[in-house]
Protein chains: 2
Amino acid sequence: MSSDPTIVPARRSGKGDPEADEAVYAALHAAILEGRIAAGTKLAETPLAEAFGVSRERIRKVLHRLVAERRLEAVPNRGVRVPQPTLDDVRAIYQAHRVLEAGVLRELAEKLDDRLLGELRMHVGQEQRAAMERDRAASVRLSGAFHLRIADALGNAQLSAMLRDLLTRSSIMVSVYESIAESFCGVQEHGAIVEALARHDVERAIALSGDHFRLVEARLQLRPQPPKVDVARLFGPIGEAGGEEPVRS
Amino acid sequence: MSSDPTIVPARRSGKGDPEADEAVYAALHAAILEGRIAAGTKLAETPLAEAFGVSRERIRKVLHRLVAERRLEAVPNRGVRVPQPTLDDVRAIYQAHRVLEAGVLRELAEKLDDRLLGELRMHVGQEQRAAMERDRAASVRLSGAFHLRIADALGNAQLSAMLRDLLTRSSIMVSVYESIAESFCGVQEHGAIVEALARHDVERAIALSGDHFRLVEARLQLRPQPPKVDVARLFGPIGEAGGEEPVRS
DNA sequence: GCTGGATAGAATGTGCACATTTGGTACGGG
DNA sequence: CCCGTACCAAATGTGCACATTCTATCCAGC
């Protein structure tokens, strides 16, 4: 998180802290993304406000923002819940990713230069190293970053944002439908795509990418038991410099 | 559910009306989309609240929602503004649309059946009829609907949503950078894409689609004088007459 | 005459109290 | 014993008042 060690304003009471919004948002966003909150869990405003040690209005604003971003779903007068995606929803995400990447690869082949090719190869090298070192966390992260890298190469902010959104949604899905051990893509598949691009073989690159996604899609299956935890216990007081007396029951 | 079927609560204008949110959102959304509000215009909360005849909090919520949807941009403590896209932004939108449609066409070719083909041909027929009748409004609407139709054919909600978002963004752009007279696509180009699909000639369909978008892209140019109107005059009080009719100046 | 700062006005942001709705529960009737 | 109804508690939604921040104007100083 961003911290300013140089100047800390005197107002530490947690009242008018403009960073509190972002802190709450980041905490909830990460918790949803990493699957720490079971799908279908209702996120009540009051308990969250007490857990974070901020006002209910602040929680409210963040929750509505997450709803607008489709990360939570809201029922009028009945609060917000963590959406429970169906298997078809997950397949739709991966299909969308596959379709989008096919278009991106076609476009990318026209403007692929040596510098970009070198960067992609370096990235695959990093993935291989992480895989050899059995660094699972790095593998998952780099695997997603590979697809993002391809999209970013076009320099189109819209495409990058769309792909980034799809990736974060996949992350949510993965926690529900896929075992973590299987969640990262195969490294050699990424390398094959890059080499096909290097040969300007667009059709081959797209085909490899398609097979790649279909493979991930085929591995999907419903996990038996999503974790059920109390949201109030999940979020401790945020930011040691901030509020420090949320318990009042 | 309701225990009192006989009593319909008298909807007090502006107080506890749950439809007011949607009405304000729809009015603002449409105004932004149709370019009735000049790019760069600051949307102050108080004047809007008075114009719509609702509380400032309601306006606030709608404005923040529009910001979350990237339809407006916000500067902390300085209100929200209608974003002013650069020419590069517009090109990025169209490139994203082109890239996405290329992927969609490739995928669609595999699952194209006679029924879908018939529907697409019928849609092109409607476009031709609208073009012959010089119905410009219908032409613009059907032209956008054509691309949406293609994406919807895959039955993927994610892809449809992404394309719908790109289309609405194009609409905004068009009002700034393109003369309305040129804003709809050529009908024969749409027909050619459909016929290429009918022959299962994916490469040809994608090439046609690409040329199609590049053509639209090439027509882009900065319009000299965006309209500058007062937002307070634009939005009459809602809920009384049932509709908001903007006053064009 | 021009520049800089200070002040007043306005607009945005936030917390609080209240209104409305929902879901559960207990009670009474069939 | 079961079902329908009325009440109660909790949670969400909303309006209002206040705090904070930005902007524009005016005045003093150079």
Side-chain angles (χ1 to χ4, degrees), chain A residues 7-25 28 40-68 72-82 230-232 242-243 245-246 248-249, chain B residues 1-25 28 40-68 72-82 230-232 238-239:
Chain A
I7 294 181
V8 175
R11 58 175 74 90
R12 55 160 186 82
S13 59
K15 282 282 204 178
D17 193 353
E19 302 176 25
D21 276 46
E22 201 58 30
V24 173
Y25 174 81
L28 278 171
T41 304
K42 176 181 174 181
L43 293 179
E45 299 172 356
T46 310
L48 282 176
E50 293 176 357
F52 280 105
V54 300
S55 71
R56 191 166 69 91
E57 270 60 25
R58 206 171 278 268
I59 298 290
R60 192 165 237 295
K61 185 166 56 170
V62 172
L63 253 44
H64 286 160
R65 179 178 164 192
L66 287 166
V67 169
L72 294 174
E73 59 184 7
V75 182
N77 292 334
R78 287 181 59 181
V80 301
R81 311 177 71 86
V82 178
D230 185 16
V231 288
E245 45 172 336
R248 235 247 301 240
S249 61
Chain B
M1 287 295 276
S2 300
S3 56
D4 294 328
T6 61
I7 296 179
V8 175
R11 48 191 61 176
R12 305 179 297 249
S13 62
K15 275 292 188 182
D17 195 353
E19 303 175 25
D21 275 48
E22 201 58 31
V24 173
Y25 174 81
L28 278 171
T41 305
K42 175 181 175 181
L43 293 179
E45 299 172 356
T46 309
L48 282 176
E50 293 175 358
F52 279 106
V54 299
S55 70
R56 191 167 68 92
E57 272 61 25
R58 206 171 279 267
I59 297 290
R60 204 173 209 328
K61 185 166 57 170
V62 172
L63 253 44
H64 285 160
R65 178 178 165 192
L66 287 166
V67 168
L72 294 173
E73 60 184 8
V75 182
N77 293 331
R78 288 182 61 180
V80 301
R81 311 177 71 85
V82 179
D230 186 16
V231 289
I238 61 172

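So you know, we letter chains A, B, ... as the sequences are listed, proteins then strands, and number each from 1. We use all heavy atoms of the structure for the numbers below, so side chains are in, but hydrogens, waters and symmetry mates are not.
- In this structure, of dA17(D), dT12(C), dA11(D), it is dA17(D) that holds the atom nearest to the side chain of E57(B).
- Side-chain atoms of A44(B) lie closest to dT12(C) of the nucleotides dG15(D), dT23(D), dT12(C).
- The residue among R78(A) and S55(A) whose nearest nucleotide of DNA chain C is located toward the 5' end is S55(A).
- Atoms CG (D21(B)) and P (dG13(D)) sit 10 Å apart, rounded to a whole Å.
- With dA11(C), dT12(D), dT14(C) as the candidates, the nucleotide lying closest to the side chain of T46(A) is dT12(D).
- Here L43(B) contributes atom CG and R81(B) contributes atom CZ; the two are 9.0 Å apart, rounded to the nearest 0.5 Å.
- Rounded to whole angstrom, the span from the NZ atom of K42(A) across to the C1' atom of dG24(C) amounts to 13 Å.
- With contacts defined as side-chain heavy-atom distances shorter than 4.5 Å, the pair L28(B)/L63(B) qualifies.
- Across all non-hydrogen atoms, the minimal contact from R56(B) to E45(B) is NH1-OE1, 2.6 Å.
- Summarising the geometry, the separation between CZ on R81(B) and P on dT23(D) is reported as 10 Å, rounded to the nearest angstrom.
- Going from atom CZ of R58(B) over to atom C1' of dT12(D) covers 14 Å, rounded to whole Å.
- Side-chain proximity of E45(B) to dT12(C), dT12(D), dT14(C): nearest is dT12(C).
- Nearest to the side-chain atoms of N77(B) among the listed nucleotides dA17(D), dT12(D), dT21(D) stands dT21(D).
- What separates CG of L48(B) from P of dA10(C) is a distance of 18 Å, to the nearest Å.
- For dG13(D), the OP1/OP2 oxygens have no side-chain nitrogen or oxygen of K61(B) closer than 4.0 Å.
- Between the CD1 atom of I59(A) and the P atom of dA11(D) there is a distance of 14 Å, given to the nearest Å.
- For R56(B), the listed nucleotide lying nearest its side chain is dA17(D); candidates were dG13(D), dA17(D), dT23(D).
- When distances are taken from the side chain of R60(A) to each of dC22(D), dT12(D), dA17(D), the shortest belongs to dT12(D).
- Residue V62(B) comes nearest to Y25(B) through the heavy atom pair CG1-CA, 3.7 Å, listed as atom of the first residue, atom of the second, then distance.
- A salt bridge (charged side-chain N to carboxylate O under 4.0 Å, His left out) with D21(A) is found for exactly one of R60(A), K61(A), R65(A), namely K61(A).
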